[in-house]
Amino acid sequence: MHAVWPDDPGEALALQARLRRRVVARGAPTPALVAGLDAAYSRDGATVYGAAVLFSFPGLEDVDEAWTACEARFPYVPGLFAFREGPALCAALERLDRTPDLILVHGHGTAHPRRCGIASHLGVLLGIPSIGVADRLLVGKAGEPGAERGAAAPVCFEGEAVGWAVRTRTGARPVYVSPGHLVGHAAAVDLVLAMSVGYRRPEPLRAAHRCASVARAGMTKR
DNA sequence: GCGACAG
DNA sequence: ATCTTGTCGC
């Protein structure tokens, strides 16, 4: 048997190689419940706070929140990010009172050196459609999207579009969107834009980021 | 060999 | 990611 969350980078690479074959970057889900996933770290880096916030869609109402504190076992290695935050994010997700139809993850999906970033990884593992939204590129090059909200430019890597630079807010830097699993490129961009209202990052991710920070603050006290 | 490098 | 206040701009 193989571990779901190996501690060894070599083992993680082998598992990622197997998971990447199951990634399906196609589909156009019409979710009713979307979960935003993000994490925060204790100042010494020994603890990962994973947060999952459930939103209704397209209404965008915050309907449930959950978080967990886990020991940060896996080191930060660009390309193996899922093995560092995945355990805490999955644990938080399990604490929600309902299962989402779509998950939004802070990080990349297919815009990854082996096309299997944390969004794709979690999507395949959970069997739930997923989308990755990152603040900056890990791989590839992207043109500057138009200045107005809604504009997008492809992220090219090894001769193919692996994601999109999306202007979710006029006047703000673009966000990088890529399919995680069971969602195509166009649908991923459309869904992220539909969830980005007034701010650069989509609402579920803003809420998850806040939830993780609050969890850390409340834990740091006592 | 020299950079680049999600959070 | 995290350490950190005020401050410039829409």
Side-chain angles (χ1 to χ4, degrees), chain A residues 5 9 12-13 16 19-20 23 25 36-53 67-93 103-124 130-142 147-149 155-158 162-181 188 192 198-202 204-220:
Chain A
W5 299 116
L13 269 176
Q16 186 176 78
L19 287 177
R20 65 179 295 188
V23 176
L37 270 41
D38 197 8
Y41 296 82
S42 56
R43 89 166 42 176
D44 65 5
T47 307
V48 191
Y49 295 89
V53 179
W67 61 271
T68 55
C70 300
E71 177 190 355
R73 295 182 172 176
F74 208 90
Y76 169 61
V77 180
L80 293 180
F81 194 46
F83 297 91
R84 181 165 172 75
E85 295 195 347
L89 298 184
C90 286
L93 200 52
I103 57 181
L104 266 191
V105 188
H106 191 23
H108 291 104
T110 57
H112 175 278
R114 292 170 294 280
R115 313 296 198 283
C116 193
I118 188 169
S120 299
H121 190 123
L122 297 185
V124 168
S130 62
I131 296 172
V133 180
D135 286 329
R136 39 188 283 200
L137 291 175
L138 169 60
V139 294
K141 277 170 282 185
E148 349 65 49
R149 177 193 134 79
V155 172
C156 301
F157 178 59
E158 296 180 336
V162 295
W164 297 79
V166 182
R167 189 83 65 189
T168 48
R169 178 180 178 170
T170 300
R173 316 160 21 220
V175 106
Y176 300 94
V177 178
S178 59
H181 183 50
V192 168
Y199 295 89
R200 189 172 86 105
R201 306 220 302 212
L205 284 184
R206 296 205 325 122
H209 183 73
R210 256 177 290 133
C211 182
S213 295
V214 169
R216 177 186 58 193
M219 206 59 145
T220 294

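Residue numbers start from 1 in every chain, and the chains themselves are labelled A, B, ... in the order their sequence lines are given, proteins ahead of strands.
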Participant: How far apart are the closest heavy atoms of A:Arg114 and A:Gly79, and which atoms are they?
Facilitator: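 That would be NH2-O, 3.2 Å.
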Participant: Name the orientation class of the two ring planes belonging to A:His121 and A:Phe83 (parallel below 30°, tilted from 30 to 60°, perpendicular beyond 60°).
Facilitator: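 Taking A:Phe83 first and then A:His121, their aromatic rings stand perpendicular (interplane angle over 60°).
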Participant: Run the side-chain donor-acceptor check on residues 167-175 of chain A: report pairs under 3.5 Å with partners two or more places apart or on a different chain.
Facilitator:
residue, atom, partner, partner atom, Å
A:Arg167, NE, A:Gly146, O, 3.0
A:Arg167, NH1, A:Ala172, O, 2.8
A:Arg167, NH2, A:Glu144, OE2, 3.0
A:Arg167, NH2, A:Pro145, O, 2.8
A:Arg167, NH2, A:Gly146, O, 3.4
A:Thr168, OG1, A:Arg200, O, 2.5
A:Arg169, NH1, A:Gly198, O, 3.2
A:Thr170, OG1, A:Arg149, N, 3.0
A:Arg173, NH2, A:Asp135, O, 2.8

Participant: I need a per-nucleotide contact map over nucleotides 1-7 of chain B, read 5' to 3'. Cutoff is protein heavy atoms under 4.0 Å; write B for the base, S for backbone only, - otherwise.
Facilitator: ----SBB
Participant: For DNA chain B, what dot-bracket results from Watson-Crick or G-U pairs at under 3.5 Å, with [ ] for crossers and | for inter-strand partners?
Facilitator: .......
Participant: Out of curiosity, A:Ile103 CD1 to A:Leu122 CG, how far, rounded to the nearest 0.5 Å?
Facilitator: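 Answer rounded to 0.5 Å: 5.5 Å.
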Participant: May I ask you to check if A:Arg216 and A:Tyr41 form a cation-pi contact, with NZ or CZ under 6.0 angstrom from the six-membered ring centre and within 45° of the axis?
Facilitator: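 Because its charged atom misses either the 6.0 Å distance or the 45° angle limit, A:Arg216 does not stack over A:Tyr41.
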Participant: Could you tell me which residues satisfy side chain to side chain donor-acceptor pair (under 3.5 Å) with A:Glu148, sequence neighbours excluded, listed by chain and number?
Facilitator: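 If we apply the side chain to side chain donor-acceptor pair (under 3.5 Å) test to A:Glu148, skipping adjacent residues, there are no hits.
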Participant: Let me check I have this right: for DNA chain C, each base becomes ., (, ), [, ] or |, based on Watson-Crick or G-U pairs with both distances under 3.5 Å. What is the full string?
Facilitator: ..........
Participant: Determine the sole option in A:Arg210, A:Arg206, A:His209 for which the side chain to side chain donor-acceptor pair (under 3.5 Å) test with A:Asp38 is passed.
Facilitator: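 Output: one option passes, namely A:His209.
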Participant: Within the 4.5 Å heavy-atom criterion, are A:Lys141 and A:Val155 side-chain neighbours or not?
Facilitator: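 Contact flag for A:Lys141/A:Val155 side chains = no.
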Participant: Which heavy-atom pair separates A:Ala51 from A:Ala208 by the least distance, and what is that distance?
Facilitator: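 So the minimum-distance heavy-atom pair works out to CB-O, 3.4 Å.
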Participant: What does the B/S/- profile of nucleotides 3-10 of chain C look like, 5' to 3', with a 4.0 Å heavy-atom cutoff to protein?
Facilitator: S-------
Participant: How are the rings of A:Tyr76 and A:Phe81 set to each other: parallel, tilted or perpendicular (split at 30° and 60°)?
Facilitator: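 Ring orientation, 0 to 90° scale: perpendicular.
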Participant: Just by modelled atom types, is the A:Val133 backbone N or O under 3.5 Å from a matching donor or acceptor in the A:His106 side chain?
Facilitator: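 At least one qualifying donor-acceptor pair exists.
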Participant: Is any side-chain heavy atom of A:Thr47 less than 4.5 Å from a side-chain heavy atom of A:Cys70?
Facilitator: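 Answer no - side chains too far apart.
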